[in-house]
Amino acid sequence: MKAIAVLPGKPNTVHLRDVPKPILNGKDSGRSVLVKVLRVGVDGTDKEINAAEYGEAPSGDDFLIIGHESFGRVEAVGPNVTELKPGDYVVATVRRPGSSIYDQIGTNDMTTDDTYFERGINLRHGFLAEYYLDDAEFIVKVPQGLKHVGVLLEPTTVVEKGIAQAYEIQRRLRVWRPRRAAVMGAGTIGLLATLVLRLRGLEVTTFGLTPRPYLNSDLIEAIGARYQSTRELPILEAAKKYGPFDLIFEATGASSVVFDSMQALAKNGVLVLSSVTGGDRKIEVPADMINLQFVLGNKVMVGTVNANREYFEMGVRDMAQAEAEYPGWLSRLLTHPVKGLENYSELLDKLTSAKGAIKVFCEVAEL
Ligand code: BGC
Ligand code: ZN
């Protein structure tokens with residue numbers, strides 16, 4: 001079968017290759033599920049992998065099949081799989097268990113191991129192929145009515161985890177009535193965070209660089225949130241005008257925004273950090289003041305990465321609610337389809353340079 005792969009360690013090696021189709025093996029297939037891939041989204045992580053900044057091949061191979069934002073249809077299941085059947089639409093989780101205690105209890109997104117096993121990212125092949133095989137434990141069913149937007153589930157889970165963790169942490173307050181939220185960044189993750197916070201009933205201000213109006217600001221306003229360009233009003237000034245914020249979700253990819261966010265946070269507030277910043281930027285910050293406000297205001301800051309099955313299930317429920325409350329909104333994020341695995345270079349080109357792209361994805365097969 002065809003697959004899109006890179007040669008880890010060497011920059012710009014993305015290519016199409018022929019690999020053996022995985023097979024479900026009779027009596028040994030146990031809890032295995034064979035999935036036909038329909039769509040796969042790409043993001044900044046794929047860019048980094050193709051730039052050889054991150055990512056390793058599985059042992060025994062010198063290539064890594066990329067793609068971690070999957071959507072597919074079950075083709076066949078092993079004899080011990082009762083929860084899925086051929087024809088079901090599914091999305092696979094990304095990280096596979098390591099050895100820490102968190103991995104052992106099914107929360108491998110919280111691993112304390114230094115090595116991550118992530119499909120399409122590190123040491124495990126990904127989903128940009130015609131088929132994949134995995135254990136039912138890592139495969140989440142998506143209702144038929146969400147199939148047109150199912151490829152957005154994996155990025156949604158990153159948001160679900162961050163927000164669920166924030167609410168979990170805030171149980172420290174016994175009573176927490178968050179009213180105002182801010183989302184830093186209006187890219188795919190920022191848009192999805194805005195959606196999930198709107199579904200929770202919060203007043204949301206989402207910050208981006210670009211002055212409105214453009215597609216992303218239109219999308220934000222379409223779900224009753226406010227869009228604010230930081231070129232027109234810097235974060236700290238906006239916080240005076242619209243804040244302070246009880247919950248802030250940071251997803252700009254720029255670490256300096258974290259320190260502005262710390263200052264824009266309300267007393268008892270929670271700041272969620274989700275940007276994977278690979279650089280080594282240094283900045284000067286008003287450290288005494290930020291620290292004092294954090295101490296006197298009982299504020300919390302938490303980092304979040306990846307998502308386990310629980311957050312995939314939450315994501316499915318929120319996407320269904322979103323379709324009911326804001327019909328058609330999720331589909332508007334699917335801006336840049338690329339047909340067929342063989343068009344892998346177009347896929348990567350769009351990912352790196354398409355103007356106005358929200359979600360670039362490969363249509364591997366018909367839905
Ligand atoms: C993926 C996560 C993953 C993270 C770090 C992100 O792009 O969506 O699932 O854990 O990269 O590798
Ligand atoms: Zn990702």
Side-chain angles (χ1 to χ4, degrees), residues 4 6 8 14 37 39-58 64-71 91-98 100 102-103 106-128 132 134 138-140 150-165 185 187-193 196 249-253 255 272-279 302-315 319 333-334 336 347-348 350-352 357-362:
I4 302 179
V6 298
V14 67
V37 177
R39 288 178 168 185
V40 178
V42 288
D43 73 357
T45 300
D46 300 291
K47 239 189 268 183
E48 275 179 35
I49 295 170
N50 189 39
E53 287 164 14
Y54 191 63
E56 251 184 81
L64 171 74
I65 300 175
I66 60 169
H68 61 277
E69 302 180 3
S70 70
F71 181 69
V91 171
T93 63
V94 177
R95 194 176 288 178
R96 297 292 168 267
S100 84
Y102 306 100
D103 299 84
T107 57
N108 39 52
D109 60 314
M110 300 303 265
T111 193
T112 49
D113 293 353
D114 294 325
T115 305
Y116 305 119
F117 299 94
E118 292 185 325
R119 291 204 65 165
I121 301 176
N122 208 41
L123 297 164
R124 294 285 180 270
H125 286 309
F127 306 113
L128 271 166
Y132 72 86
D134 214 331
F138 306 116
I139 296 184
V140 180
V151 71
L152 291 170
L153 180 56
E154 196 279 341
T156 302
T157 66
V158 169
V159 166
E160 293 289 348
K161 176 183 172 185
I163 294 173
Q165 293 266 307
T188 314
I189 296 292
L191 288 163
L192 291 167
V196 171
F249 195 102
E250 203 293 320
T252 59
S255 53
V272 181
L273 308 185
S274 76
S275 295
V276 180
T277 51
V302 60
T304 183
V305 69
N306 194 253
N308 66 41
R309 181 177 189 102
E310 180 187 355
Y311 306 116
F312 278 71
E313 288 167 355
M314 271 180 205
M319 285 173 69
L333 306 192
L334 298 174
H336 288 63
L347 187 69
L348 268 282
K350 286 197 168 144
L351 176 63
T352 44
I358 295 177
K359 183 44 66 188
V360 179
F361 63 104
C362 184

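Read the numbers this way: they start at 1 and go in the same order the structure lists the ligands and their atoms. This is a predicted model, so every value here is computed, not measured.
- Listed by chain and number, the residues in a side-chain contact (heavy atoms from CB on, under 4.5 Å) with Ala307 are Thr157, Lys161, Tyr311, Phe312 (sequence neighbours excluded).
- At a threshold of 4.0 Å, the pair Arg96-Asp134 counts as salt-bridged, since one of the basic side-chain nitrogens sits closer than that to a carboxylate oxygen.
- By the ring pair (Phe, Tyr, Trp, His ring centres under 6.0 Å) test, Phe127 pairs with Tyr132, sequence neighbours left out.
- For Asp43 atom OD2 and His68 atom NE2, the angle they make at the Zn ion (ligand 2) is roughly 110°, to 10 degrees.
- Checked against side chain to side chain donor-acceptor pair (under 3.5 Å), Glu250 has the following partners two or more places apart in sequence or in another chain: Thr252, Ser275.
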Sub-3.5 Å pairs, protein N or O with ligand 1 N or O:
unit_1	atom_1	unit_2	atom_2	d
ligand 1	7 (O)	Asp43	OD2	3.2
ligand 1	7 (O)	Thr45	OG1	2.5
ligand 1	7 (O)	His68	NE2	3.3
ligand 1	8 (O)	His68	NE2	3.3
ligand 1	8 (O)	Glu154	OE1	3.4
ligand 1	8 (O)	Glu154	OE2	2.9
ligand 1	9 (O)	Glu154	OE2	3.0
ligand 1	9 (O)	Asn306	ND2	3.0
ligand 1	10 (O)	Glu118	OE2	2.6
ligand 1	10 (O)	Asn306	ND2	3.0
ligand 1	11 (O)	Thr45	OG1	3.3
ligand 1	12 (O)	Glu118	OE1	2.6

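- Around OH of Tyr102, the count of heavy atoms belonging to other residues, nucleotides or ligands within 6.0 Å does not exceed 12.
- Checking Asp46 against the Zn ion (ligand 2), every N/O/S atom stays at or beyond the 2.8 Å cut-off.
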Full working for side-chain hydrogen bond (donor to acceptor under 3.5 Å, both in side chains) between Ser100 and Asp103: CA-CA 5 Å; Ser100 84; Asp103 299 84; 2.5 Å; yes

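- Under a 3.5 Å cut-off, the side chain of Thr188 and the backbone N or O of Ile358 do form a donor-acceptor pair.
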